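In what follows, a single structure is set out as structure tokens and then discussed.
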Amino acid sequence: MISLLDSLPPVTEDQRNTLLSAPRTADAHRAMMADVLAMNAVQIGGTATQKALPSDITVAAWNVERCLFPADTAAHLMPLAPDVVLLSEVDHGMARTGQRHTTEEVAAALGMSYGYGVEFFEMGLGGPTERHFCQDGFNALGWHGNAVLSKAPLSKVTLIRLDDHGHWFSEASGADPEQPRLGGRMAIAAVLPTDAGEICVVSTHLESNAGPAHRHAQFALLLDAVDAFAPGLPVLIGGDLNTGNHIPPHFDHRDETLFELGEARGYDWGFTAEGMTTRPSLITPHPERVMKLDWIAARDMRCLEKGVLSSLDTNDRPLADHDCVWARVAF
């Protein structure tokens, strides 16, 4: 059962100690996930500026890589005039982003309501390039997750877990032994009112530390959960699907099987513009590969226009290691 909350309660000291001392197993991870309320909740906030969206809308999906610069991120999106924004890798109470609630700041600047859910409870401060941005030696909350932002109120919202075994916690999954994390890949799904009826939008983030079969299974789980959450509604899914990761030697997104799975379930991938979507950034200054990781797919909608918005700001500073994919859609 997913709770809808005005704020996410922090992890207690006892829960933190349990996380540090627990065996690195899937069963231990599941027990801790059940015990931490914020891992089973969506934070609802922001202020909608419209009662309903128009019958054609612009949707932007962007992995903002922690969201180091919330105000600049929002300003960068403004020329698109998005009605809906699907964010991944957004921090809340992390030292590397000034302990800010980055989703809340972006939503306020764009005049949007939001639903935010936790992907990971992060114990540490991050890697060397992330610690460069830390002014504190601790995380106030340690949340890192996904969000749906909308100019209209969220009629209905949920969090969909795509990983309950602790892929970044369990030793059997090859987790980092130096930094235990609670959580796993997930999605936020929201039903939104429009002049043409309700639609469902989904912000998701699939696994990077795995191959196509793992992502295929996650995507199948996601599609099933969306059908149960919003039966019969037009659906748009956007986010970082990590397509091509762990597929040597070329790390080619075209080797993924989740595309055929989506098509078999009625989804059209033609809402995503051509072109790669990763670049060097302040946190990831020297990526090994340039890849196409970010996608928009929709069912029972029409694509009117699509594109990729570079994450370079007006001073050629990268706001993230991903560019933003966007589409104007009608239904």
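Since we're looking at a predicted model, the values are computed, not measured.
Under the side-chain hydrogen bond (donor to acceptor under 3.5 Å, both in side chains) criterion, the residue pairs touching residues 44-62 are Asp56-Arg328, with sequence neighbours excluded. Under the side-chain hydrogen bond (donor to acceptor under 3.5 Å, both in side chains) criterion, the residue pairs touching residues 69-83 are Asp72-Arg317, with sequence neighbours excluded.
Between His29 and Phe169, the two ring planes are tilted [angle within 30° to 60°].
Counting only distance, with no hydrogens or angles, the side chain of Glu105 and the backbone of Pro70 share no donor-acceptor pair below 3.5 Å. Judged by distance alone, the side chain of Ser311 and the main-chain N or O of Ala320 form a donor-acceptor pair under 3.5 Å. Checked by atom type and distance alone, the side chain of Asn63 pairs as donor or acceptor with a backbone atom of Glu65 at under 3.5 Å. Side-chain atoms of Asn245 do not come within 3.5 Å of backbone N or O of Ala210 as any donor-acceptor pair. Counting only distance, with no hydrogens or angles, the side chain of Thr97 and the backbone of Arg100 share no donor-acceptor pair below 3.5 Å. Side chain of Glu122 to main chain of Arg181: no donor-acceptor pair is present (N/O by atom type, distance under 3.5 Å, no hydrogens or angles). The backbone N or O of Gly93 sits nowhere less than 3.5 Å from a side-chain atom of Asn139 that would complete a donor-acceptor pair. Proximity of a side-chain donor or acceptor of Lys156 to a complementary backbone N or O of Ala230 within less than 3.5 Å is not detected.
Within the 4.5 Å cutoff, the side chain of Leu282 has no heavy atoms near those of the His132 side chain. Contact annotation: the side chain of Leu37 approaches that of Leu5 to within less than 4.5 Å [non-hydrogen atoms, C-beta and beyond]. Two residues are said to be in side-chain contact when any heavy atoms from C-beta on lie closer than 4.5 Å; Tyr116 and His101 meet this criterion. The side-chain heavy atoms of Val148 and Val157, taken from C-beta on, include no pair separated by under 4.5 Å.
Hydrophobic cluster membership of Leu293, counting Ile, Leu, Val, Met, Phe, Trp and Tyr whose side-chain heavy atoms lie under 4.5 Å apart directly or via other members: Phe251, Met291. Its side chain within the 4.5 Å cluster rule, Met276 clusters with Val290 among the Ile, Leu, Val, Met, Phe, Trp and Tyr residues. The hydrophobic cluster containing Val226, built from Ile/Leu/Val/Met/Phe/Trp/Tyr side-chain heavy atoms closer than 4.5 Å, also comprises Ile160, Leu162, Val202, Leu206, Phe219, Leu221, Leu222, Leu223, Val235, Ile237, Leu241, Leu258, Phe259, Leu261, Tyr267, Trp269, Trp295.
Residues Leu19 and Met32 share a closest heavy-atom pair of CA-SD, 3.4 Å. Residues Ala75 and Pro79 approach most closely at O-CD, 3.4 Å, considering heavy atoms. Closest non-hydrogen pair, Ser113 versus Pro153, comes out as OG-CA, 3.9 Å. The shortest non-hydrogen separation linking Asp163 to Gln218 is CB-NE2, 4.5 Å. Between Leu236 and Val329, the shortest heavy-atom contact is CD1-CG1, 4.0 Å. Scanning both residues, Ile283 and Phe133, for their nearest heavy atoms gives CG1-CE1, 4.4 Å.
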Give the intermediate values and the outcome of side-chain contact (heavy atoms from CB on, under 4.5 Å) for residues Arg299 and Asp227. CA-CA 11 Å; Arg299 182 179 68 190; Asp227 284 347; 3.1 Å; yes
List the steps, then state whether side-chain hydrogen bond (donor to acceptor under 3.5 Å, both in side chains) holds for Arg185 with Ser208. CA-CA 9 Å; Arg185 305 303 183 185; Ser208 59; 3.2 Å; yes
Between Asp252 and Lys292, is a side-chain contact (heavy atoms from CB on, under 4.5 Å) present by the stated rule, with each step listed? CA-CA 8 Å; Asp252 195 332; Lys292 188 174 184 66; over 6 Å; no
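Under the salt bridge (Lys or Arg N to Asp or Glu O under 4.0 Å) criterion, Asp255 pairs with no residue at all, not counting sequence neighbours. Residues satisfying the side chain to side chain donor-acceptor pair (under 3.5 Å) test with Arg30, not counting sequence neighbours, are Asp27, Asp164. Among residues two or more places apart in sequence or in another chain, the salt bridge (Lys or Arg N to Asp or Glu O under 4.0 Å) test is passed with Arg96 by Asp91, Glu130. Scored by the side chain to side chain donor-acceptor pair (under 3.5 Å) test, Thr102 finds no partners at all (sequence neighbours excluded).
Separating the CD1 atom in Ile44 from the OG atom in Ser3 is a distance of 11.0 Å, to the nearest 0.5 Å. Rounding to the nearest 0.5 Å places NE2 of His92 at 7.0 Å from CD of Glu104. Summarising the geometry, atom SG belonging to Cys134 is positioned 8.0 Å from atom CD belonging to Gln99; distances are rounded to the nearest 0.5 Å. We find the CD-CG distance between Glu89 and Asp321 to be 6.5 Å, quoted to the nearest 0.5 Å. The CD1 atom of Ile2 sits 10.0 Å away from the CE atom of Met39 when rounded to the nearest 0.5 Å. If you take CE on Met112 and OG on Ser150, they are separated by 6.5 Å, rounding to the nearest 0.5 Å.
Connection of Ile57 to Ile188 is established within a shared hydrophobic cluster, with ILVMFWY side chains joined at heavy-atom distances below 4.5 Å, either directly or through further cluster members. No chain of hydrophobic side-chain contacts below 4.5 Å, direct or via other Ile, Leu, Val, Met, Phe, Trp or Tyr residues, connects Val325 to Met78. A chain of hydrophobic side-chain contacts below 4.5 Å, direct or via other Ile, Leu, Val, Met, Phe, Trp or Tyr residues, connects Val118 to Met123. Following chains of ILVMFWY side-chain contacts shorter than 4.5 Å, one can reach Leu68 starting from Val85, so the two form part of one hydrophobic cluster. Connection of Met94 to Leu141 is not established within any shared hydrophobic cluster, with ILVMFWY side chains joined at heavy-atom distances below 4.5 Å, either directly or through further cluster members.
A salt bridge between Asp224 and Arg265 is present, with a side-chain N of the basic residue lying under 4.0 Å from a carboxylate O of the acidic one.
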Taking distance alone, no hydrogens or angles, what donor-acceptor pairs closer than 3.5 Å link side-chain atoms of residues 189-200 to residues at least two apart or in another chain?
unit_1: Thr194; atom_1: OG1; unit_2: Ala196; atom_2: N; d: 3.0
unit_1: Thr194; atom_1: OG1; unit_2: Gly197; atom_2: N; d: 3.2
unit_1: Thr194; atom_1: OG1; unit_2: Gly197; atom_2: O; d: 2.5

Result block: side-chain N/O donor-acceptor pairs under 3.5 angstrom for residues 7-17, not counting sequence neighbours:
unit_1: Thr12; atom_1: OG1; unit_2: Gln15; atom_2: N; d: 3.0
unit_1: Thr12; atom_1: OG1; unit_2: Gln15; atom_2: OE1; d: 3.4
unit_1: Gln15; atom_1: OE1; unit_2: Thr12; atom_2: N; d: 2.9
unit_1: Gln15; atom_1: NE2; unit_2: Asp35; atom_2: O; d: 3.0
unit_1: Gln15; atom_1: NE2; unit_2: Asp35; atom_2: OD2; d: 3.1
unit_1: Asn17; atom_1: ND2; unit_2: Glu13; atom_2: O; d: 3.3

Please tabulate, for side-chain N and O atoms in residues 300-310, each donor-acceptor pair with protein atoms closer than 3.5 Å (sequence neighbours left out).
unit_1: Lys306; atom_1: NZ; unit_2: Gly270; atom_2: O; d: 2.7
unit_1: Ser310; atom_1: OG; unit_2: Arg279; atom_2: NH2; d: 3.3
unit_1: Ser310; atom_1: OG; unit_2: Leu312; atom_2: N; d: 3.1

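The residue from Leu87, Val90, Leu86 that alone fulfils the side chain to side chain contact (heavy atoms under 4.5 Å, CB included) condition with Leu149 is Leu87.
Note: His214 and His167 meet the aromatic proximity criterion, with ring centroids under 6.0 Å apart.
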